[in-house]
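Okay, structure first, notes after.
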Amino acid sequence: MKNEPKIDEPKNTQNLTAYKRMYNRHRRRPQDPNFSDDIPELLDFCNPSANTGIVPLSQPSHAQYKGPIFGFRDKHPGFIYIPQALSKDVQLQLAYQSVSEFCEKPHRTNIDMIPIKENEVENQESETMWKLWKDANVRDDFEENEMTCKSSKKQKISKENDTKVRYYRSMDKLSWATHGYHYDWTARAYNEGMKSPMPNVLSTLGSIFASVDPACNNKDTDNSKFNASATIVNYYTLRSNMGGHRDDLELDFTKPVVSLSLGLPAVFLLGGKTKEDEVTPILVRPGDVMLLAGGSRLAFHGMARLIPEQVKLPIVDSCFSCSDHEKDNQICTLFSKENNDIDEEQQITICRFLKSHRININIRQVLPHNMKEVPPNEKHL
Ligand SMILES: O=C(O)CCC(=O)C(=O)O
Ligand SMILES: [Fe+2]
C-alpha cells in the first residue's frame, strides 16, 4: 500500500517537486478576473500565532537594527524575518527612488535588453519613465478625491492621429533594475565590465539589516563586514510571479541577501537546498525585511503572487508598528533630509502606483573581503 498513489492527488501532479506543488497551490488563479480568489493560509510574521514554528531571535550585540527579529525553530536555519522594519515614510522614500533614479541611467534595466519597436518613440532625456507614468496617471480625479492637484496633466496625445505616444522606455515594461555589479542574466554571472555606482542609501540599509545576521559585524574591519555591492530592484504587477531559484552567483555565500518589500503584499515561497525540501508560504507585507542568511543563504525561493488591495488581511499586531523601534536605528536619519523633496503630488502618485505594484529591493555582497574584483571569464556555476 505504501507506494500506491494517494487517491485525492491528481495523477499529473505526482512528479512535481515540493516547490512546484506549493507554487501551484498559491499562484494567482488565471480564471479569477479580479485576482482576489481566496488566499490559502500563509505564515504571517506580523501575527506570530502559536504552532507556526516562528521563534524570536536574539540580536547580536553589535546589531545596528534594534527592533524584533524572527526565525524558525526547526526549519529554514539562518533565515531571518524582520516584520515592519521600514516606517511608512521610509517606504515612500524608497519607492520614490525606485521608480525615479534607481531605474534610470547609469543603472541597468530589463528594458535595455528589449529592441525598440517601430511604433515606439525614444524617450527624451528629461522624460524619465516615472514622469511619463505620472503624467499618464495623474488626472483630474485627484480633485474628485478631495486632493487638489493643480498641475495634473493629461496623457500625452500625438497630434496626428490622436493616439497615445508609445515610448520605448515605459514603466509598464519595467520588471527589474540593477545597481553596483549588474547581474548578467545571459552569462549567469557578474563581471567587472558591467557596473554602476551603488546607491548610498541601499548600501547603508544593506549594512544596517545585515548586522542582525551573526555572520556580519560592521564594526569590524575584517571579513565579517557586510559590503553591499549589488542590488536588484524587482517591479511586480498583479500578474507577476517569480519562479523558484537560488541566489547563487555571488562569490561570498557567508553574507546574507537582504530583501526589502514595498507596495502590495505578496506570497513568498521559502524552500530549502533542493526543490524537494519543505516549502513555507510566507505573507510578506510592505515594510517587512527578510534575510536569506546562514543555512538558508542558498535556499530555493520565489514569489507566487501579489495580493490585491481588496483582499482583507489580518491586521498587523500593534507591537510591530515601526514607530517605537525606528527611533533606535539609523534608518530615519538616513532619509530625514531627502524626505522633504517629495512633494504632495508625487506622494499621491507613488501611493497610487504602490496600490497596484510591489517593489522588492534585494541587496547583496558579491565578493569576499579579500577579493578586489570579479575574476575575468569566471563561470560561477
Ligand atoms: O520578490 C521577492 O521577494 C524575491 C526576489 C528575488 O528572489 C530575487 O530577485 O532574486
Ligand atoms: Fe532571489
Side-chain angles (χ1 to χ4, degrees), residues 60 62 64 78 80 94 97-98 101-114 174-235 242 245-260 273 289-301 330 334 359-381:
H62 57 257
Q64 289 165 266
I80 300 175
L94 275 176
Q97 287 180 280
S98 299
E101 63 190 90
F102 293 170
C103 57
E104 293 293 338
K105 297 260 177 299
H107 308 302
R108 194 177 156 88
T109 71
N110 63 302
I111 296 173
D112 304 331
M113 296 159 79
I114 309 173
L174 183 66
S175 57
W176 55 261
T178 51
H179 319 101
Y181 281 109
H182 297 166
Y183 187 96
D184 181 345
W185 304 86
T186 321
R188 286 209 81 234
Y190 294 102
N191 73 59
E192 273 310 311
M194 283 169 59
K195 278 202 283 190
S196 65
M198 272 292 289
N200 278 342
V201 71
L202 299 183
S203 305
T204 311
L205 281 172
S207 297
I208 291 173
F209 289 117
S211 72
V212 304
D213 176 2
C216 297
N217 183 351
N218 289 312
K219 297 215 170 83
D220 282 0
T221 48
D222 70 358
N223 58 356
S224 65
K225 193 168 174 160
F226 181 79
N227 182 15
S229 49
T231 36
I232 302 178
V233 180
N234 294 300
Y235 304 83
M242 183 179 280
H245 66 279
R246 305 192 310 158
D247 295 348
D248 58 0
L249 298 184
E250 293 69 34
L251 299 170
D252 186 348
F253 298 134
T254 65
K255 300 299 187 301
V257 173
V258 176
S259 168
L260 321 177
K273 291 215 164 83
V289 173
M290 287 185 274
L291 268 67
L292 288 174
S296 289
R297 172 62 181 78
L298 290 170
F300 273 94
H301 61 279
Q330 305 161 8
L334 201 62
I359 300 175
N360 165 260
I361 303 176
N362 59 80
I363 310 168
R364 301 145 189 247
Q365 170 165 340
V366 174
L367 300 175
H369 80 288
N370 55 359
M371 202 186 269
K372 292 285 162 282
E373 49 184 53
V374 177
N377 304 320
E378 181 99 357
K379 278 255 171 274
H380 308 305
L381 286 174

* Carefully, step by step, assess Arg108 and Tyr183 under the rule side-chain contact (heavy atoms from CB on, under 4.5 Å). => CA-CA 9 Å; Arg108 194 177 156 88; Tyr183 187 96; over 6 Å; no

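In terms of the side chain to side chain donor-acceptor pair (under 3.5 Å) criterion, residue partners of Asp247 (sequence neighbours excluded) are, by chain and number, His245, His301, Arg364. Legend: residues meeting side chain to side chain donor-acceptor pair (under 3.5 Å) with Glu104, ordered by chain and number and at least two apart, are absent. Applying the side-chain contact (heavy atoms from CB on, under 4.5 Å) test to Ser175 and every residue at least two apart in sequence or in another chain returns Asn110. Under the side-chain contact (heavy atoms from CB on, under 4.5 Å) criterion, Lys273 pairs with Asp277, sequence neighbours left out. In this structure, the side-chain contact (heavy atoms from CB on, under 4.5 Å) partners of Pro60, at least two apart in sequence or on a different chain, are His62, Ala63.
Here the closest non-hydrogen pair linking Cys216 and Lys255 is SG-CD, 3.7 Å. For the pair Ala177 and Cys103, the tightest heavy-atom approach, listed with the atom from each and the gap, is CB-CA, 4.1 Å. In plain terms, the two heavy atoms of Leu249 and Ala189 that are nearest each other are CD1-N, 3.8 Å. Residues Ile80 and Asp213 approach most closely at CD1-CA, 3.9 Å, considering heavy atoms.
No side-chain heavy atom of His369 sits under 4.5 Å from any side-chain heavy atom of Lys225. At a threshold of 4.5 Å between non-hydrogen side-chain atoms, the residues Leu367 and Val374 count as touching. The shortest distance between side-chain heavy atoms of Tyr190 and Ser229 does not fall below 4.5 Å. Looking at Leu205 and Val258, their side chains never come closer than 4.5 Å, going by heavy atoms from C-beta outward. By the 4.5 Å heavy-atom criterion applied to side chains, His179 and Leu202 are counted as neighbours. Between Gln64 and Phe209, the closest side-chain pair of non-hydrogen atoms is not below 4.5 Å.
Put simply, the side chain of Gln365 gets close to the backbone of Asn227: a donor and an acceptor are under 3.5 Å apart. Looking at Asp112, its side chain does come within 3.5 Å of a backbone N or O of Thr109 through a donor-acceptor pair.
Taken to the nearest 0.5 Å, the CD atom of Glu192 stands 3.5 Å off from the OH atom of Tyr181. How far CG of Leu298 is from CG of Leu292: 9.0 Å, rounded to the nearest 0.5 Å. Atom CG of Asn360 is separated from atom OG of Ser259 by 4.0 Å, given to the nearest 0.5 angstrom. We find the CD1-CZ distance between Ile208 and Phe226 to be 11.5 Å, quoted to the nearest 0.5 Å. Annotation: the span from Thr231 atom OG1 to Trp176 atom CH2 amounts to 12.0 Å, rounded to 0.5 Å. One finds the OG1 atom of Thr178 at 11.0 Å from the CE atom of Met198 (value rounded to the nearest 0.5 Å).
A salt bridge is absent between Arg297 and Asp252: the closest approach of a Lys/Arg side-chain nitrogen to an acidic carboxylate oxygen does not fall below 4.0 angstrom.
The residue from Leu260, Val257, Ile232 that alone fulfils the side chain to side chain contact (heavy atoms under 4.5 Å, CB included) condition with Ile363 is Leu260.
For residues 197-210, no pair satisfies side chain to side chain donor-acceptor pair (under 3.5 Å), with sequence neighbours left out.
Taking the six-membered ring wherever Trp is involved, the centroid distance between the rings of His107 and Phe102 does not fall below 6.0 Å.
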